[in-house]
Amino acid sequence: MRCRTGINISSIFITHWHADHFLGLPGLIHTMSFQNRTDNLEVYGPRWAGVPSLFALINPRFEVDFIEVAAGDTIKKDSFCVRVFAVDHVPNACGYVFQECERPGKFDRSKAQALGLQPGPLYKTLQKGKPVKVKNRLIVPSDVIGPPRAGRKIVYTGDTRPYEGVVEAARHADMLIHEATLADDLTEYADTVGHATASEAADIALRAQVEVLVLTHISSRYANANLLLDQAQQVFKDTIIAEDYLSIEVPYKD
Ligand SMILES: [Zn+2]
Ligand SMILES: [Zn+2]
């Protein structure tokens, strides 16, 4: 509500059932119910026996569908799809790749003009993928429209140790949101508790060749995240630290 995005969202993706990752859910669902929501809400997440009793406890006025996911699954939505990948934290913990669908290729106006095409209905026909005729000459879409352009890719890890599977999943992503619970002096301890350090997260970003790395899940032992930011940026320069209400524009590459 404070972000002004509205809370009438349709789907929520849970990476694992540790309290810091799902205890906000009962309050959020209760607020939605209080605001007279009627649409179903989909909650995606890995297997957990406690899910039914969690939703029974909230008992909202609308339906909450829990959809169990596992690494390798793909969830298709209208303009994007979500791929589930394994992380290394607790059994079944997962991350999500949000992959926007391909966009149509660029329309080359100068080429169109050279072919005698005037802006208007014929442009639209070509953009819909159909050929048109100009002065008895057949013009097909590929004459004036470039190849389809990739959609944006945003990858969210949840909690994880540094993990090769994340490098795979995050390859060439426009944004990688990776946990960095601890600073580098606690590398061994981070491994013990199933988390990553700042420079470990940065190393994943570097090897996956992502555009931007956003660090999150910083331990509350750090009064501010400057130390972690420094350590990460020595490995991967385009790093920022997530904070409440942070809003980031993800531009298209082309
Ligand atoms: Zn956790
Ligand atoms: Zn956590």
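Counting convention: from 1, in listed order, for ligands and their atoms alike. Counting begins at 1 with the first residue of the sequence.
Cation-pi check for Arg2 over Tyr245 is not met; the charged atom does not lie both under 6.0 angstrom from the ring centroid and within 45 degrees of its normal.
Taking the six-membered ring where tryptophan is involved, the planes of Tyr44 and Phe13 are essentially parallel, since the angle between them stays under 30° and well short of 60°. Below 30°, between 30° and 60°, or above 60°: for His30 and Phe34 the angle between ring planes is below 30°, a parallel geometry. Using a 30° and 60° split on the angle between ring planes, His217 and His21 fall in the parallel class, below 30°.
The number of heavy-atom neighbours closer than 6.0 Å to NZ of Lys253, taken from other residues, nucleotides and ligands shown, is above 12.
Taking the Zn ion (ligand 2) as reference, the nearest N/O/S atom within His217 carries the name NE2.
Ile29 belongs to a hydrophobic cluster whose other members, connected by ILVMFWY side-chain contacts under 4.5 Å either directly or through intermediates, are Met1, Ile7, Ile9, Ile12, Ile14, Trp17, Phe22, Leu23, Leu25, Leu28, Met32, Leu41, Val43, Trp48, Val51, Leu54, Phe55, Ile58, Phe62, Val64, Phe66.
Inside a sphere of radius 2.8 Å centred on the Zn ion (ligand 1), the protein N/O/S atoms present are His16 NE2, His18 ND1, His89 NE2, Asp159 OD2.
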